[in-house]
Amino acid sequence: MTLRPPRFARDRRSIGWSTAQALAVFLPTTLILVLLGVLITPAHDWLLLLRRLRWAFLAGAGLGSLLVLLGSLLSDVPIHLGWVSAQVGYVAGALFAFDGARSLGHCITGRYLVTNHRSVKRRTVALRRDGVIGWKVTQRAWHRRSCLCRLTATTAGGRGAYDVKDVLMPEGLRFTDASVPGALEPFVTCREVPA
(Lines give C-alpha, C1' and ligand atoms only; values in the text may rest on other atoms or scores of the structure.)
Protein backbone atom coordinates (compact mmCIF):
# COMPACT_ATOMS: atom_id res chain seq x y z
CA MET A 1 0.00 0.00 0.00
CA THR A 2 1.39 3.36 -1.02
CA LEU A 3 0.66 6.64 0.61
CA ARG A 4 -0.52 9.45 -1.61
CA PRO A 5 -0.48 13.13 -0.72
CA PRO A 6 -3.74 14.66 0.46
CA ARG A 7 -6.16 15.62 -2.29
CA PHE A 8 -6.05 19.34 -1.48
CA ALA A 9 -2.26 19.48 -1.81
CA ARG A 10 -2.46 17.85 -5.24
CA ASP A 11 -5.20 20.27 -6.40
CA ARG A 12 -3.36 23.39 -5.31
CA ARG A 13 -1.23 23.43 -8.46
CA SER A 14 -4.27 23.05 -10.70
CA ILE A 15 -6.04 25.90 -8.87
CA GLY A 16 -3.09 28.22 -9.59
CA TRP A 17 -2.99 27.19 -13.24
CA SER A 18 -6.70 27.71 -13.76
CA THR A 19 -6.46 31.14 -12.12
CA ALA A 20 -3.70 32.11 -14.56
CA GLN A 21 -5.80 30.79 -17.42
CA ALA A 22 -8.82 32.72 -16.21
CA LEU A 23 -6.82 35.95 -15.96
CA ALA A 24 -5.36 35.41 -19.43
CA VAL A 25 -8.86 35.17 -20.87
CA PHE A 26 -10.64 37.58 -18.52
CA LEU A 27 -8.42 40.65 -18.92
CA PRO A 28 -8.57 40.93 -22.74
CA THR A 29 -12.32 40.26 -22.68
CA THR A 30 -12.86 42.99 -20.10
CA LEU A 31 -10.71 45.49 -22.00
CA ILE A 32 -12.58 44.82 -25.24
CA LEU A 33 -15.97 45.22 -23.56
CA VAL A 34 -14.96 48.43 -21.79
CA LEU A 35 -13.53 49.92 -25.00
CA LEU A 36 -16.73 49.04 -26.84
CA GLY A 37 -18.70 50.69 -24.05
CA VAL A 38 -16.63 53.87 -24.26
CA LEU A 39 -16.97 54.07 -28.03
CA ILE A 40 -20.69 53.32 -28.17
CA THR A 41 -22.28 55.06 -25.21
CA PRO A 42 -22.53 58.74 -24.22
CA ALA A 43 -21.49 59.96 -20.75
CA HIS A 44 -24.78 59.38 -18.89
CA ASP A 45 -25.23 55.95 -20.40
CA TRP A 46 -21.65 55.13 -19.43
CA LEU A 47 -22.63 55.31 -15.74
CA LEU A 48 -25.56 53.00 -16.37
CA LEU A 49 -23.40 50.61 -18.35
CA LEU A 50 -20.71 50.48 -15.66
CA ARG A 51 -23.33 49.70 -13.03
CA ARG A 52 -24.71 46.83 -15.10
CA LEU A 53 -21.21 45.55 -15.96
CA ARG A 54 -20.42 45.38 -12.24
CA TRP A 55 -23.46 43.17 -11.67
CA ALA A 56 -22.46 40.98 -14.64
CA PHE A 57 -18.93 40.64 -13.25
CA LEU A 58 -20.20 39.73 -9.78
CA ALA A 59 -22.57 37.11 -11.22
CA GLY A 60 -19.83 35.53 -13.34
CA ALA A 61 -17.29 35.65 -10.52
CA GLY A 62 -19.78 34.15 -8.06
CA LEU A 63 -20.60 31.26 -10.37
CA GLY A 64 -16.94 30.64 -11.17
CA SER A 65 -15.77 30.81 -7.57
CA LEU A 66 -18.49 28.39 -6.49
CA LEU A 67 -17.35 25.85 -9.08
CA VAL A 68 -13.67 26.37 -8.21
CA LEU A 69 -14.50 25.80 -4.54
CA LEU A 70 -16.35 22.59 -5.41
CA GLY A 71 -13.44 21.57 -7.62
CA SER A 72 -10.92 22.07 -4.85
CA LEU A 73 -12.97 19.80 -2.64
CA LEU A 74 -14.02 17.14 -5.16
CA SER A 75 -11.94 16.85 -8.33
CA ASP A 76 -10.13 18.85 -11.00
CA VAL A 77 -13.00 19.01 -13.48
CA PRO A 78 -15.13 21.67 -11.69
CA ILE A 79 -12.06 23.90 -11.37
CA HIS A 80 -11.72 24.18 -15.12
CA LEU A 81 -15.48 24.45 -15.50
CA GLY A 82 -15.34 27.27 -12.95
CA TRP A 83 -13.11 29.63 -14.87
CA VAL A 84 -14.79 28.77 -18.17
CA SER A 85 -18.29 29.33 -16.77
CA ALA A 86 -17.13 32.59 -15.14
CA GLN A 87 -16.00 33.80 -18.58
CA VAL A 88 -19.18 32.68 -20.30
CA GLY A 89 -21.31 34.16 -17.52
CA TYR A 90 -19.45 37.44 -17.61
CA VAL A 91 -19.61 37.80 -21.40
CA ALA A 92 -23.32 36.91 -21.46
CA GLY A 93 -23.95 39.32 -18.56
CA ALA A 94 -21.98 42.05 -20.33
CA LEU A 95 -24.08 41.60 -23.47
CA PHE A 96 -27.23 41.88 -21.36
CA ALA A 97 -25.70 44.94 -19.66
CA PHE A 98 -25.11 46.65 -23.02
CA ASP A 99 -28.64 45.83 -24.13
CA GLY A 100 -30.16 46.94 -20.81
CA ALA A 101 -28.28 50.26 -20.80
CA ARG A 102 -29.25 50.85 -24.43
CA SER A 103 -32.94 50.18 -23.79
CA LEU A 104 -33.33 52.69 -20.94
CA GLY A 105 -35.08 55.90 -21.78
CA HIS A 106 -37.76 58.41 -20.87
CA CYS A 107 -39.38 61.42 -22.51
CA ILE A 108 -42.43 63.64 -22.49
CA THR A 109 -44.44 63.74 -25.71
CA GLY A 110 -47.51 65.93 -25.66
CA ARG A 111 -49.91 64.64 -23.02
CA TYR A 112 -47.92 61.48 -22.34
CA LEU A 113 -44.97 60.50 -20.21
CA VAL A 114 -43.09 57.62 -21.89
CA THR A 115 -40.59 55.31 -20.18
CA ASN A 116 -38.70 52.30 -21.50
CA HIS A 117 -36.54 49.71 -19.72
CA ARG A 118 -35.54 46.01 -19.45
CA SER A 119 -33.16 44.00 -21.53
CA VAL A 120 -34.61 41.00 -23.33
CA LYS A 121 -38.32 41.69 -22.97
CA ARG A 122 -38.50 45.45 -23.29
CA ARG A 123 -41.22 47.32 -21.49
CA THR A 124 -42.51 50.64 -22.78
CA VAL A 125 -45.14 52.53 -20.81
CA ALA A 126 -47.04 55.58 -22.09
CA LEU A 127 -48.77 57.26 -19.16
CA ARG A 128 -51.04 60.28 -19.42
CA ARG A 129 -49.49 63.19 -17.58
CA ASP A 130 -52.77 64.31 -16.04
CA GLY A 131 -53.17 60.79 -14.57
CA VAL A 132 -50.00 61.09 -12.46
CA ILE A 133 -51.00 61.87 -8.87
CA GLY A 134 -47.56 61.75 -7.26
CA TRP A 135 -43.86 61.02 -7.61
CA LYS A 136 -41.53 58.93 -5.51
CA VAL A 137 -37.80 59.58 -5.86
CA THR A 138 -35.64 56.69 -4.64
CA GLN A 139 -31.87 56.71 -4.38
CA ARG A 140 -30.33 53.46 -3.15
CA ALA A 141 -26.81 53.03 -1.82
CA TRP A 142 -25.46 51.82 -5.18
CA HIS A 143 -27.12 54.79 -6.91
CA ARG A 144 -25.51 57.44 -4.71
CA ARG A 145 -21.94 57.14 -5.99
CA SER A 146 -23.02 57.83 -9.56
CA CYS A 147 -25.78 60.33 -8.57
CA LEU A 148 -28.51 58.14 -10.10
CA CYS A 149 -32.07 57.72 -8.88
CA ARG A 150 -35.27 55.85 -9.68
CA LEU A 151 -38.44 57.84 -10.26
CA THR A 152 -41.81 56.21 -9.67
CA ALA A 153 -44.90 57.86 -11.12
CA THR A 154 -47.95 57.02 -9.01
CA THR A 155 -51.30 56.79 -10.74
CA ALA A 156 -54.79 55.63 -9.85
CA GLY A 157 -55.15 53.28 -12.84
CA GLY A 158 -53.26 50.32 -14.25
CA ARG A 159 -50.55 48.91 -12.00
CA GLY A 160 -50.60 51.94 -9.74
CA ALA A 161 -46.93 52.90 -10.14
CA TYR A 162 -44.55 53.03 -13.08
CA ASP A 163 -40.76 53.31 -12.82
CA VAL A 164 -38.30 55.52 -14.67
CA LYS A 165 -35.05 53.73 -13.87
CA ASP A 166 -31.49 55.01 -13.50
CA VAL A 167 -31.85 58.72 -14.13
CA LEU A 168 -29.31 61.33 -13.08
CA MET A 169 -30.74 63.12 -10.04
CA PRO A 170 -30.86 66.70 -11.48
CA GLU A 171 -32.27 65.40 -14.77
CA GLY A 172 -34.85 63.34 -12.91
CA LEU A 173 -36.04 66.31 -10.87
CA ARG A 174 -36.36 68.39 -14.05
CA PHE A 175 -38.25 65.52 -15.68
CA THR A 176 -40.75 65.25 -12.84
CA ASP A 177 -41.27 69.01 -12.83
CA ALA A 178 -41.81 69.08 -16.61
CA SER A 179 -44.23 66.16 -16.58
CA VAL A 180 -46.36 67.33 -13.65
CA PRO A 181 -45.54 71.00 -12.97
CA GLY A 182 -45.28 71.84 -9.29
CA ALA A 183 -45.52 68.24 -8.03
CA LEU A 184 -42.17 68.31 -6.21
CA GLU A 185 -42.10 72.04 -5.46
CA PRO A 186 -42.93 71.70 -1.72
CA PHE A 187 -40.19 69.09 -1.26
CA VAL A 188 -37.24 70.46 -3.26
CA THR A 189 -35.03 73.15 -1.82
CA CYS A 190 -32.51 75.01 -3.95
CA ARG A 191 -29.20 76.03 -2.44
CA GLU A 192 -27.33 79.06 -3.62
CA VAL A 193 -23.74 78.40 -4.52
CA PRO A 194 -21.36 80.87 -2.86
CA ALA A 195 -19.34 82.90 -5.33
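Starting from 1, each residue takes its place in the sequence as its number.
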Show which side-chain atoms of residues 60-67 pair as donor or acceptor with protein atoms under 3.5 Å away, not counting sequence neighbours.
residue: Ser65; atom: OG; partner: Ala61; partner atom: O; Å: 2.9
residue: Ser65; atom: OG; partner: Gly62; partner atom: O; Å: 3.1

Calculate, to the nearest 0.5 Å, the distance between atoms [atom1] and [atom2] belonging to [X] and [Y] respectively.
| X | Y | atom1 | atom2 | result |
| --- | --- | --- | --- | --- |
| Leu127 | Ile108 | CG | CD1 | 11.0 Å |
| Asp166 | Cys149 | CG | SG | 8.5 Å |
| Thr115 | Leu151 | OG1 | CG | 9.0 Å |

Mind checking what makes side-chain contact (heavy atoms from CB on, under 4.5 Å) contact with [X], not counting sequence neighbours?
| X | value |
| --- | --- |
| Ala126 | Tyr112, Val114 |
| Pro170 | Cys147, Leu168, Arg174 |
| Arg122 | Asp99, Arg102, Ser103, Asn116 |

Can you tell me if Ser179 uses its side chain to pair, donor with acceptor, with the backbone of Leu113 under 3.5 Å? no

Any donor and acceptor pair, going by atom type alone, linking the side chain of Arg129 with main-chain N or O of Ala178 inside 3.5 Å? yes

What are the two closest non-hydrogen atoms of [X] and [Y], and how far apart are they?
| X | Y | answer |
| --- | --- | --- |
| Gly100 | Arg52 | C-NE, 3.9 Å |
| Gly182 | Asp177 | N-OD1, 3.2 Å |
| Thr155 | Gly131 | OG1-O, 2.9 Å |

Once salt bridge (Lys or Arg N to Asp or Glu O under 4.0 Å) is applied, what residue pairs with a partner in residues 146-161 remain, sequence neighbours excluded? Arg150-Asp163

How would you list, by chain and number, every residue that makes a salt bridge (charged side-chain N to carboxylate O under 4.0 Å, His left out) with Arg128, sequence neighbours excluded? Asp130

Those residues at least two apart in sequence (or on a different chain) that pass salt bridge (charged side-chain N to carboxylate O under 4.0 Å, His left out) with Arg54 are none

Please collect all ring-ring contact (aromatic ring centres under 6.0 Å, His included) contacts where either partner lies in residues 152-179, sequence neighbours excluded, each pair once. His106-Phe175

Just distance, no hydrogens or angles: give the donor-acceptor pairs under 3.5 Å from side chains in residues 133-141, sequence neighbours left out.
residue: Gln139; atom: NE2; partner: Leu148; partner atom: O; Å: 3.1

